[in-house]
Amino acid sequence: MNIDKYSICNSPIEERFFQNQKIYIKRDDLLNSKFSGNKARKFYYFILKEFPDIKKVISYGSNQSNAMYSLSVLAKAKGWKFEYYTDHLSSYLKENPIGNYKYAIENGMRIIIGKGKPKREKLENKDTLFIEEGGREKNARVGIKILAQEIKLWQQAQGIKNLNIFLPSGTGTTALFLQKSLFEFDSRFQAKVYTVPCVGDSLYLKLQFVMLDNNLLKYPTVINPKKKYQFGKLYKEAYDIWKRLKYEMGIEFDMLYDPIGWLTLIENSKILKKPTLYIHQGGLIGNESMLERYKRKYS
Ligand SMILES: *Cc1c(COP(=O)(O)O)cnc(C)c1O
């Protein structure tokens, strides 16, 4: 495999303004056109390492997941088969593939519907790799540590003694390993990671943290949105802020996590009193299907 094609090179950090507030954006959406965002960071370990015996990768989750698409890219690059378990697939999506589902199928993904959550202990073996939903894996730390290093070097160059970092969470893997890794570098420059749960509530998110690293010290700071949002549901204010972000900053964000992230960040303006870095975690391929749903509902 040509690793260079999927290599991660220091993504830019840009200074922007949103609602007259200065903010820095880490553009992990620009890492690589095929393999980007936090999934590229989380799966970087698998890109780097050679797996001479592995022939297949198995995972599970929703049929429009960003992780599913990124795994299809990884599997294709490595020459592995890719089997993905999902609870259901509408006949509409099957006949009109769009977004992550469409491109994962094009990359050769085999989808297995309605068989329940696959059992790791049964399926994982010498030639089969098993990856938890959303890439919630300990070895994700390898790629996220590189992200932390890039941020820390930038922070030092800017002379920012106290930096706030904000990113929305699903499994919490990125936020957790980012905060833990940042503590390993130069302590004269401090960086505090804030995150908001988008998939479950804050208890769910903390349980995810514990599964990955049971040392409760140096966890990210979890803040809740004012309103309860159900993951994947459409909200007018989410659509509005997504459009405003695009208009004011010229940056397209993801439509699942980022609207909740930005709405929560703005509700907690205390965070913005210090220099703040928002991590753009990619996921733009997923917008294809989200935007279609939003347009149908609101315009
Ligand atoms: C997967 C994903 C997340 C959530 O990442 P976790 O590491 O699971 O918390 C957030 N934003 C985007 C765009 C994603 O694709």
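Values below: every heavy atom of this structure, side chains too, minus hydrogens, waters and symmetry copies. As the structure lists them, so they are numbered: ligands from 1, and atoms in each ligand from 1.
The cationic group of K115 does not satisfy the cation-pi geometry with Y85, failing either the under 6.0 Å distance to the six-membered ring centre or the 45° limit from the ring axis. At least one cation-pi condition fails for K26 and Y278: the charged atom is not both under 6.0 angstrom from the six-membered ring centre and inside a 45 degree cone around its axis. Both cation-pi conditions hold for K243 and Y239: the charged atom is under 6.0 angstrom from the six-membered ring centre and inside a 45 degree cone around its axis.
Side chains of D28 and S11: a donor-acceptor N/O pair is present below 3.5 angstrom, by distance only. With hydrogens and angles left out, the side-chain atoms of E132 and Y60 include a donor and acceptor closer than 3.5 Å. Of the N and O atoms on the side chains of Y69 and E106, not one donor lies less than 3.5 Å from an acceptor on the other residue. D254 and Q281 are not linked by any side-chain donor-acceptor pair at a separation below 3.5 angstrom, with hydrogens and angles left out of the test.
Closest to atom 12 (C) of ligand 1 among all protein heavy atoms lies Y257 CD1, 3.4 Å. Annotation: atom 13 (C) of ligand 1 to nearest protein heavy atom, G282 O, 3.1 Å. Here the heavy atom of the protein found nearest to atom 5 (O) of ligand 1 is N38 ND2, 2.8 Å.
Atoms of ligand 1 lying under 4.0 Å from any heavy atom of K39, numbered from 1 in the order shown and given with element: 1 (C), 2 (C), 3 (C), 14 (C), 15 (O). Atoms of ligand 1 found under 4.0 Å from any heavy atom of G172 (numbered from 1 in listed order, with element): 6 (P), 8 (O), 9 (O). Those atoms of ligand 1 that come under 4.0 Å of a heavy atom in T171, given as number and element, are 6 (P), 7 (O), 8 (O), 9 (O). Atom numbering of ligand 1 starts at 1 in the shown order; those under 4.0 Å from a heavy atom of S169 are 9 (O).
Counting non-hydrogen atoms of other residues, nucleotides and ligands closer than 6.0 Å to CG of D87 gives a total of 12 or fewer. The number of heavy atoms from other shown groups lying within 6.0 Å of CZ (F17) is above 12.
Under 4.0 angstrom from ligand 1, the non-hydrogen atoms of T174 come from both its backbone and its side chain. Contacts between N66 and ligand 1 below 4.0 angstrom, taking non-hydrogen atoms only, involve the side chain exclusively. For T195, no heavy-atom contact with ligand 1 is shorter than 4.0 Å. Heavy atoms of R136 found under 4.0 angstrom from ligand 1: none, in either backbone or side chain.
Looking at ligand 1, you won't find any N or O of D254 less than 3.5 Å from one of its N or O atoms.
Residue G170 holds the heavy atom nearest to atom 9 (O) of ligand 1 of all those in G170, G135, G261.
Within the 4.0 Å heavy-atom shell around ligand 1 one does not find A67. Proximity of K42 to ligand 1 is established by a heavy-atom distance of less than 4.0 Å.
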Side chain to side chain contact (heavy atoms under 4.5 Å, CB included) for W242 and M290? Distances and angles first, verdict last.
CA-CA 12 Å; W242 179 83; M290 285 298 284; over 6 Å; no
